[in-house]
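Only one structure is covered here, and it is reproduced in the block below.
Order of the sequence lines sets the chain letters (A, B, ...), proteins ahead of strands, with each chain counted from 1. Here the structure is a predicted model, which means the values were calculated and not measured.
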4 protein chains.
Amino acid sequence: MGESGNSRWQRKKDARPSEILDAALTLFVDKGYRATKMEDIAQAAGVTKGTPYLYFQNKEEIFKAVVRETIVARMQAMSAQLEQLQDASGSQLLHAALEDWWTHIGATRSAGLCKLMAAEATNFPELARFYYEEVIKPARQLLGYVVQRGMDRGEFRPANLEHVIDMLTAPMLMTMIMSHSFGLVPGCCENITRDPLAFLQSALRLTLQGLQYPVSQDLPS
Amino acid sequence: MGESGNSRWQRKKDARPSEILDAALTLFVDKGYRATKMEDIAQAAGVTKGTPYLYFQNKEEIFKAVVRETIVARMQAMSAQLEQLQDASGSQLLHAALEDWWTHIGATRSAGLCKLMAAEATNFPELARFYYEEVIKPARQLLGYVVQRGMDRGEFRPANLEHVIDMLTAPMLMTMIMSHSFGLVPGCCENITRDPLAFLQSALRLTLQGLQYPVSQDLPS
Amino acid sequence: MGESGNSRWQRKKDARPSEILDAALTLFVDKGYRATKMEDIAQAAGVTKGTPYLYFQNKEEIFKAVVRETIVARMQAMSAQLEQLQDASGSQLLHAALEDWWTHIGATRSAGLCKLMAAEATNFPELARFYYEEVIKPARQLLGYVVQRGMDRGEFRPANLEHVIDMLTAPMLMTMIMSHSFGLVPGCCENITRDPLAFLQSALRLTLQGLQYPVSQDLPS
Amino acid sequence: MGESGNSRWQRKKDARPSEILDAALTLFVDKGYRATKMEDIAQAAGVTKGTPYLYFQNKEEIFKAVVRETIVARMQAMSAQLEQLQDASGSQLLHAALEDWWTHIGATRSAGLCKLMAAEATNFPELARFYYEEVIKPARQLLGYVVQRGMDRGEFRPANLEHVIDMLTAPMLMTMIMSHSFGLVPGCCENITRDPLAFLQSALRLTLQGLQYPVSQDLPS
DNA sequence: GATGAATGAGAATTCATTCAT
DNA sequence: GATGAATGAATTCTCATTCAT
């Protein structure tokens, strides 16, 4: 026939899994885990009901695979990348990390997945632990390392390390949550989701400002 | 307190609806919206399957009512309370607000509801708008007012108001999310949920520090 | 609340389980376990799809309940009954037992259930063990007791007790199997299912004949 | 014998079909008809999913072919063999038949197939008829012939021929059923499956004993 | 002949909701 | 007002079968 795709079966074994995961990612992010039907995933991937089951045991495994293939994979790449910028100052590193994160996660569908992960953590304890070990913990270690080095070098004033890490993370979490919950609802949040990156940078600056040594003598916090 | 809200709470001799909402709140927070069965709500409220339908049209209406009756109601009370502390400094007001929030929301089941609200916003757009109008917007206006006043008075250096509000809000959101998602999973987060209030206060201090005028000569207070 | 006033709908409730089990028994016997759809059971019981699940966890539990309520229950009744005929001879007891069995099991749908049990034993090991403990074992013990007593009294010649029990059981098993497998297929077995009871009695007579002492004294087998 | 059946078995250089049937036999016997997946059959035969369909229309046809090729074929061989022992006594013939049957059917996977056949007869009426015509009927005719001859010769006392045949068959059926149902379940039947052949021989002896003329004068033939 | 990706009808199970009592 | 038995739409998952390669 003249047309390429007119066969009932489009056989793309190698491409299928990632097509399915891609469709699933979008649907999970848009509608949540429970509200996403397997058949919807199949349809969005251009296949029929049964096909996803050829590649994944069940819905839960699809969800796990989506998390693994997107955030976890990206996280590892980011960690590796940041480890090469050893010479930069703490501020520079944190700014670089923020931009990197924004490019590869914050501004992508992955951000919606983070929100979903938070929403569903208690329903998938095993996955939550995995996510914690593979994403949250390494991310926090990386940030902790950078901040601690800054303190050691006198770039930052001493402060509770965990709290600083939380402080650096909170705006990112907020951005992801807001832009994938209220931000998606028409008529909510006209002034919140304007320019998330601007907020993130502003937040980072504010936090770094707070980490500077006061000029005159001040009590350490 | 005003007398206006009494009529609603005076008919407490008929406690059924609020008992149902109370049970629903706990279950929604613990298991999520979808995973909470109507029958579980009924049972937890000490009634039988059909009874909730005598007071609420359906599950969605119960969810909305829960949000309305808990967070929204609490939010309004908090707003009223804060409006009375007009003489305090911006820092003092923000610290007071934080403690108030922590006591009445952050440390209660309501915090779980906020997380749930974020998770389900896209599934209940109407409710999301309501929540945004009744909770998020007023809260931000309140914070915005306090911060703006601080800037006007020279207590804080000028900065993007929306970003500062986001900055003040992010740690609270983070606390709520984490403590009701990963924080509930055994084996996650050994170092995150340690002492949320300490983090919140530390974050506030850090942000306020960042809002101080830099050392160089600037306007006197 | 109280136990007293709810007669009408509760009577319905009480009747449901047995109605469902009754429908299930017939369908299981007719079509086998796998080929019997839950919806068919429901329909045969005059209810809709979901109703059986109000009373039984799942299809497997219905099957187990059917077995329990029919054969096991009947078996226990039979055992109790036979224990009262202590004075009769071995032959008399065995004939009585056969007739009893025929009346209450062999000629009823329960016989089909025995066949089904044999067919599905490996698919439900737990149920098979239960059935073995509650039905097969007691039945064999009962027969064993009667035969042993006959041997002790000199009514029967000595023989391997287990083999005799098998020998007494085999015709019953055969009758049940044949009449619920080939016997149900039109055009099979014109001469097999003629008169099962006649065969059973004939078989018993033949076996008892074989248990008589030969006239001349011969070696025990 | 005739040459007519050769063509089927001569094309054995193409072993595919029989390999598939062999695999199917084992799986059917082990897991039952329904629980045996086509893919499992293919895999056990060392081919892939689609291949069985090159040789058989569908699963049902495979089942039928298995029955045909195993039991039916073996049955015909046995019949032919027994027809050659014309000189022996009835007892001798029956003992020989039993041993033959035990060797080629009772102790092999075919026994499991008999059980399966009984279990599935109503689901495959056409196959049931075929099995009845090709297996059950000839077997009964053979036995009937031997027993009748024994009666005619005065070796056995007169009795209902069909009943005697049933009587001779029942232990074999029982052995096959038990050893492929409860006998396979761990924890069932410690004392049943001990030594099936011993039981079969014992049963035959007992039956033959019952067929002997009583010593004192009894009914004339 | 073989392959194995894809199909899609079908079955089990869940649970929000209704309504006769 | 309350009850709780019953409903039936909705959803997940299975597997015999097909057919392009």
Between [atom2] of [N] and [atom1] of [X], the distance in whole Å:
| X | N | atom1 | atom2 | result |
| --- | --- | --- | --- | --- |
| D:K31 | F:dC15 | NZ | P | 10 Å |
| D:E19 | E:dG1 | CD | P | 13 Å |
| C:D40 | E:dG10 | CG | P | 13 Å |
| D:E61 | F:dA16 | CD | P | 15 Å |
| D:F56 | F:dT17 | CZ | P | 14 Å |
| D:N123 | F:dA16 | CG | P | 15 Å |

| How would you list, by chain and number, every residue that makes a side-chain hydrogen bond (donor to acceptor under 3.5 Å, both in side chains) with A:S181, sequence neighbours excluded? |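 A:S181 satisfies side-chain hydrogen bond (donor to acceptor under 3.5 Å, both in side chains) with no other residue.
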| task | Check side-chain contact (heavy atoms from CB on, under 4.5 Å) between A:N58 and all other residues, then give those that pass, not counting sequence neighbours. | result |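 Listed in chain order: A:E60, A:E61.
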| Considering residues at least two apart in sequence or located in another chain, which fulfil the side-chain contact (heavy atoms from CB on, under 4.5 Å) criterion with D:A35? |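 Partners of D:A35 by the side-chain contact (heavy atoms from CB on, under 4.5 Å) criterion, ordered by chain and then number, come out as C:R34, D:K31.
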| query | Does B:R16 have a side-chain nitrogen or oxygen under 4.0 Å from the phosphate oxygens OP1 or OP2 of F:dG1? | reply |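 It does not, given that no N or O in the side chain of B:R16 lies less than 4.0 Å from OP1 or OP2 of F:dG1.
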| request: Compare side-chain N and O positions of B:Y55 against OP1 and OP2 of F:dG1 and report whether any pair is under 4.0 Å apart. | output: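 Affirmative; the distance criterion is met.
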Side-chain donor-acceptor contacts of residues 114-127 of chain D below 3.5 Å, not counting sequence neighbours, with atom names and distances?
residue, atom, partner, partner atom, Å
D:K115, NZ, D:H180, O, 3.1
D:E120, OE1, D:N123, ND2, 2.8
D:E126, OE1, D:K64, NZ, 2.7

| request: Return the set of residues passing ring pair (Phe, Tyr, Trp, His ring centres under 6.0 Å) with C:F182 (not counting sequence neighbours), or none when no residue passes. | output: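 Listed in chain order: D:Y131.
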| task | Might you point out which heavy atoms bring C:L25 and C:T70 nearest each other, and give the distance in Å? | result |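 In this case the closest contact between C:L25 and C:T70 is CD2-CG2, 3.7 Å.
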| said: Please find the pair of heavy atoms, one from B:L21 and one from B:I62, that lie closest to each other, and give the distance. | reply: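 In terms of heavy atoms, the two residues are closest at CD2-O, 3.8 Å.
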Show every donor-acceptor pair shorter than 3.5 Å between a side-chain atom in residues 37-47 of chain D and any protein atom, with sequence neighbours excluded, or say none if there are none.
none

| Within residues 19-28 of chain D or reaching into it, pairs that qualify as salt bridge (Lys or Arg N to Asp or Glu O under 4.0 Å) - sequence neighbours excluded |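 Checked against salt bridge (Lys or Arg N to Asp or Glu O under 4.0 Å) - neighbours excluded - the pairs reaching residues 19-28 of chain D are D:R16-D:E19, D:D22-D:R109.
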| message | Stem finding on DNA chain F, please: runs of three or more consecutive Watson-Crick or G-U wobble pairs, both distances under 3.5 Å, sorted by first number. | response |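 E:2-21 with F:2-21 - these are the stems of 3 or more pairs that involve DNA chain F.
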| note | Per-nucleotide protein contact along nucleotides 8-13 of chain F, 5' to 3', at a 4.0 Å heavy-atom cut-off (B base, S sugar-phosphate only, - neither), is BBBSSB
